[in-house]
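Below, chain A is the first sequence line, B the second, and so on; all start at residue 1.
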2 protein chains.
Amino acid sequence: MPPLDFEGHKLDHVADLKSPQCRNCDIVREIAFCADLSQDEVKRLATVRCHAALPASYTIFREGDVVDHVYSISNGAVKLYKLLSDGRRQIIGFLFSGDIFGLGTHDGYCYTAETITPTHLCRFTHRKLDSLLEEIPRLERRMFSMAVKDLVAAQEQMLLLGRKTAKEKVATFLIQLSLRAEKAGMPTSSVALPMSRADIADYLGLTIETVSRTFTQLKRDNYIGLPASGHCVLNDWRALKDLAEGA
Amino acid sequence: MPPLDFEGHKLDHVADLKSPQCRNCDIVREIAFCADLSQDEVKRLATVRCHAALPASYTIFREGDVVDHVYSISNGAVKLYKLLSDGRRQIIGFLFSGDIFGLGTHDGYCYTAETITPTHLCRFTHRKLDSLLEEIPRLERRMFSMAVKDLVAAQEQMLLLGRKTAKEKVATFLIQLSLRAEKAGMPTSSVALPMSRADIADYLGLTIETVSRTFTQLKRDNYIGLPASGHCVLNDWRALKDLAEGA
DNA sequence: CGCTCAATTGACGCGCATCAAGAGTAGTGG
DNA sequence: CCACTACTCTTGATGCGCGTCAATTGAGCG
């Protein structure tokens with residue numbers, strides 16, 4: 001994938017503010033950034049945002065890049081990952097509609113962000129967002145509580161990576177996706193798997209082969225069904241949850 | 001260890017505000033909470049704090065407990081951990097002087113906090129701290145940036161747990177302690193190891209035996225020296241760092 | 001000195017990685 | 001529409017790193 005010039009707005013997939021998907025963006029941002037903001041505050045926020053549509057497997061920024069923007073996903077899916085020098089990869093998180101990413105330190109972003117599917121993003125510069133934070137104290141609260149939420153999830157993932165078996169890891173992953181689907185108002189008994197086996201493996205600290213074998217095993221034991229690639233049916237949610245928690 | 005009544009102030013190790021170590025607490029809090037607060041703001045903060053001295057291996061709160069306080073370590077060492085139902089444990093972090101802990105969600109604390117060594121703590125109720133956050137916006141900024149710092153560290157630890165070998169894990173751990181010592185103004189070539197091998201193992205997603213063997217191996221290869229229990233000398237910082245990063 | 005518990009060391013086994021082959025699956029162009 | 005290509009995914013055979021089990025050594029403490 002040649003690096004298209006997204007940051008410089010020359011990418012031909014970039015949509016402008018008048019495009020149809022921007023209305024959708026407004027809706028989604030209600031969920032994410034602005035759930036408890038007033039109409040005026042939402043409008044003020046809208047003045048500093050920028051919208052873009054990106055293809056699949058598109059690198060949004062790399063670990064170490066200067067931190068200049070915060071991103072909000074309108075729709076699509078994004079993965080965040082860190083690399084070791086020899087290419088070993090750890091996926092930090094999968095993000096979907098309504099999720100925010102782009103926090104970092106003065107050393108730059110601490111992970112690489114890449115689209116999984118074609119994705120619509122909203123983007124805010126840190127500079128403009130900072131001045132907004134002065135204006136709207138509740139926005140700061142909201143950013144804080146989202147960072148705490150991410151922190152709690154990261155700690156849960158540390159338990160998974162350090163102490164769970166392959167079977168428990170995959171079960172936990174499916175439960176996570178199911179809970180996520182529930183929050184988005186989707187059915188919990190069937191989850192979409194837009195990411196590849198390689199992505200799942202790098203998220204769970206396993207290899208592609210082990211992930212594949214574990215899926216097969218869970219299917220054989222009737223925990224799940226795999227009707228089509230990219231989809232998974234959870235036959236017994238409770239049993240899968242117990243498996244995920246090592247019971 | 002019988003559970004002493006710390007929360008009800010009946011613990012005989014609890015020190016009051018006039019005790020000598022409280023002056024120390026003021027100094028340390030300069031580093032932690034209040035680095036950029038005014039004298040008045042620091043004094044205001046002092047009105048809502050409560051101080052306690054705890055013995056080693058003392059459980060401060062448990063995963064799932066109602067979130068009512070935020071804690072700041074004056075001196076000593078604390079470990080945070082999560083448990084699976086069958087007893088498998090993952091240590092989320094080791095905390096030292098100046099560190100803050102006690103964030104959580106409405107579901108309660110998401111980890112258990114336990115002292116490693118005898119420890120002096122400052123404690124703030126969430127309720128009082130919340131009202132302070134209204135008064136002192138900069139305090140909210142500070143809490144936010146500390147949550148981000150924790151998040152970045154958690155993501156780095158995910159890379160360690162998911163993708164590093166035992167040798168790389170132990171090397172990374174020693175480098176972490178060394179960098180921490182540097183920030184505290186201590187020499188980087190020698191680090192204190194107040195925690196047990198079991199704690200180190202549960203932090204790195206290994207067993208006691210593997211940690212022990214890896215220390216022995218690093219010593220044999222002259223990366224480190226182990227002059228006395230609880231101490232480790234880093235003979236070649238750069239080489240250890242390269243090892244930690246998988247080079 | 002002797003008790004207790006942490007740490008080390010050794011022997012062995014297992015879960016997951018590695019290596020390798022085969023079976024879908026999707027995109028491409030004639 | 002089908003062949004061709006390039007993947008991704010699955011499945012099998014084998015190996016290794018780390019876990020498990022067990023015994024010994026060492027350190028702190030009354």
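- Checking R163(A) against M195(A), the closest nucleotide of DNA chain D that is more toward the 5' end is the one next to M195(A).
- Residue G205(A) is classed as a sugar-phosphate contact, given heavy-atom separations below 4.0 Å to backbone atoms only.
- Atom CG of L204(A) and atom C1' of dG15(C) are 16 Å apart (whole Å).
- In the set dT20(D), dC16(C), dT10(D), the nucleotide with an atom closest to the side chain of T207(B) is dT20(D).
- Whole-Å rounding puts the K169(A) NZ to dC16(C) C1' distance at 9 Å.
- Atom CZ of R197(A) is separated from atom C1' of dA23(C) by 14 Å (rounded to the nearest Å).
- Residue-to-nucleotide proximity on DNA chain C shows that, of V211(A) and S229(A), the 5′-proximal contact is made by V211(A).
- Using cut-offs of 30° and 60° on the angle between ring planes, the pair F61(A) and Y109(A) is parallel.
- Aromatic ring pairs are classed by plane angle as parallel below 30°, tilted from 30° to 60° and perpendicular above 60°; the pair Y203(B) and F94(B) is tilted.
- Under a 4.0 Å N-O distance rule, the pair E245(A)/K241(A) qualifies as a salt bridge.
- The nucleotide whose nearest atom lies closest to any side-chain atom of S212(B) is, among dT18(C), dT8(C), dG19(D), dT8(C).
- Judged by distance alone, the side chains of Q157(B) and Q90(B) never bring a donor and an acceptor atom under 3.5 Å apart.
- The interatomic distance linking D202(B) (CG) with dA6(C) (P) rounds to 13 Å, in whole Å.
- Rounded to whole Å, atom C1' of dC16(C) lies 15 Å from atom CG of L161(A).
- Of the candidates dC18(D), dT8(C), dC9(D), the closest approach to any side-chain atom of S196(A) belongs to dC9(D).
- In this model, a side-chain donor or acceptor of R213(B) finds a partner on the base of dT20(D) within 3.5 Å.
- Checking W237(B) against S178(B) by side-chain atom types alone, a donor-acceptor pair falls below 3.5 Å.
- When the P atom of dT9(C) is taken as reference, atom CD of Q217(B) falls 12 Å away, rounded to whole Å.
- Atom CD1 of I208(B) and atom C1' of dT9(C) are 14 Å apart (whole Å).
- At a cut-off of 3.5 angstrom, the base of dC19(C) holds at least one donor-acceptor pair with the side chain of E209(A).
- Taking atom CD of residue E168(A) and atom P of nucleotide dC16(C), one finds them 9 Å apart after rounding to whole Å.
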